Amino acid sequence: MIARLRKRHARMAAALAVAAPCVFVAALTSRVAPVELPNLPPALGQAVSHFVPAGALPVFESALLWPGHRLHTRVLLSGKHQILELTAAEPLRAPDVLLYASNAGVTDAALPAGAQLLGRFAGSRPQHFALGERVPASLWLYSLAHGEVIARADLAGAQR
Amino acid sequence: MSVRYQAVQWNPQKRAYDSVVAAGVIGFLAMFIGTSAVAFPDATAETLLIRAFGTAAFALLHLILCIGPLCRLAPWFLPLLYNRRHLGVTMFLLAAGHGTLSMVHFHALGDSDMLASVISANPRIDSISQFPFQPLGLAALAILFVMAATSHDFWLANLTAPVWKALHMGVYIAYALLVAHVALGALQSEPSVLYAATLSGGMLLVIGLHGLAARREAPGDHTAPLEAEAQVETDGFVAVCRLDEIQENRAHVVSLSGERVAVFRYGNKVSAVSNVCQHQNGPLGEGRIVDGCITCPWHGYQYAPDTGRSPEPFTEQIPTFRVRIEGDTIYLHPEPNPPGTLVEPARIASDTAPRGEFNG
């Protein structure tokens, strides 16, 4: 290589030797530990279940409602209103999970048309969802990121 | 070398080189995807492919950056240098695969253009841990694209070797951008010390080898003429070395007028030419004389030692230098002749035995 290029090459390599470790160290020291859902601040955790009225009574309870998943399901009654309480005994291995309710049964693998979105489901704390006055026939967990149903529960069949 | 345009000038060495590269890349991808699928059973196929392509490209870039200094430190790495450009194009294709899959996976479903989304989706330039690392990867990919697109000898011949080499030094900018891309991206979400250790190890290897090679090379630019005869002769010739410092069919490299000159000894003759090969500016003085021609150690380009011209039908030419011998000392005139100028070789007196191959 000619002398002028050798000098430029040396300058670039020297700049790299300084810049790359600096960026690496800065990135490493600025790393933020990922937040795990079970470690959410208590205030946030309480806010999730805040709407459950005192004195709501359990009318149905099952740990076997969701085949293949360890989910604990309770239906509470408060006056005329039904409240669904769902707790994951182990984390769901899917991103962006949404909970749907449907008056249709679980005959089909796909999310039924007209299924009603109850809300987002994540973490291992009990989460509560308002069902209205009527208990739906089925519950569905749907991963928005993967675009697929990951679990379904035959609530009507279990209550019979 | 070739006198006319050819897409790839295939030969057995290139075929062997590319076969090893292809097998290595496929093996790496298969091993990475297989291991990752076992270690991370929840990872989707897209995620595995994105990680595999990105890791393979970055690992290959480390290898490419290490080849240059390794060849300066030990000549037996020269076969790796021979077809390094194919390695570079392979690396670009892997990086392009990583970039394309990432863009489709993370940016295709929005309401803006994918490229615009990569550049503008994350505005957190005020935060190190949340810094938009994807545009850094995109910028590196753009540099690697320019390098891959101009890697052919067609561009080397038309841009000229100095411009081409200056352009291809962009690889250092691309590497710095990719270190930032990985450190500010994957390392932010992967707490395992293994990832950080792997990146820092690769970085230290590249920087360390360049440092060692630079240290080895530095004296070459300050090679002083022989101390005893350092004074410039009245006719401008400078003493550069003794005859016994040059092995038969080899060269001694000296620095004259700010450039390196290769002084070759062959038979009972001595000739001096520029140390810079016309093709890729390879170090001719580290080559040897084969079939009567100076042969570049990088890609085998050849030049006649007395004229600096490539044998017919090739047209490459390098500058020559006037040379003479007094006693056992070789003198050079520091002013280079125009490329391809015939200079009568200096003759060695018959009682001066060559050192090296024929020295018993």
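Predicted model, so just to flag it, every value in this text is computed and none were measured. Per chain, numbering begins at 1; letters A, B, ... match sequence-line order.
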At a heavy-atom separation under 4.5 Å, does [X] approach chain A through its side chain, its backbone, both, or neither?
X       : answer
A214(B) : neither
E46(B)  : neither
S274(B) : neither

Which pair of heavy atoms, one from [X] and one from [Y], lies closest together, and at what distance?
X       : Y       : value
M12(A)  : I173(B) : CE-CG1, 3.8 Å
D42(B)  : R93(A)  : OD2-NH1, 2.9 Å
L16(A)  : Y175(B) : CD1-CD2, 3.5 Å
T44(B)  : H146(A) : CG2-NE2, 3.6 Å
S129(B) : S30(A)  : CB-O, 3.1 Å

Practice prompt. Examine whether an atom of A17(A) lies under 4.5 Å from a heavy atom of chain B, and if so say whether it belongs to the side chain, the backbone or both; otherwise answer neither.
Written response: both
Worksheet item: Between A20(A) and chain B, which part of the residue has a heavy atom less than 4.5 Å away: side chain, backbone, both or neither?
Response: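 Contact with chain B: backbone and side chain both.
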Worksheet item: Looking at CD1 of I128(B) and OG1 of T29(A), how far apart are the two atoms once the value is rounded to the nearest 0.5 Å?
Response: 6.5 Å
Item to complete: Mark yes or no for whether R8(A), through its side chain, and A166(B), through its backbone, hold a donor-acceptor pair below 3.5 Å.
Response: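 It does not hold such a pair.
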Worksheet item: Sub-3.5 Å donor-acceptor pair from the side chain of R6(A) to the main-chain atoms of E217(B), do we have one?
Response: no
Worksheet item: Taking everything shown except I125(B) itself, do over 12 heavy atoms lie less than 6.0 Å from its CD1?
Response: no
Worksheet item: Is the count of non-hydrogen atoms from other residues, nucleotides or ligands lying under 6.0 Å from L64(A) atom CG greater than 12?
Response: no
Item to complete: For the residue pair S200(B) and L28(A), establish whether any side-chain heavy-atom pair is separated by less than 4.5 Å.
Response: no
Worksheet item: How about V182(B) and F24(A): do any of their side-chain heavy atoms sit closer than 4.5 Å?
Response: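 Side-chain contact under 4.5 Å: no.
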Worksheet item: What orientation do H9(A) and H210(B) show, parallel under 30°, tilted 30 to 60°, or perpendicular over 60°?
Response: tilted
Worksheet item: With chain B, which of P21(A), A15(A), A10(A) has the greatest number of heavy-atom pairs at distances under 4.5 Å?
Response: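 Most heavy-atom pairs under 4.5 Å with chain B: P21(A).
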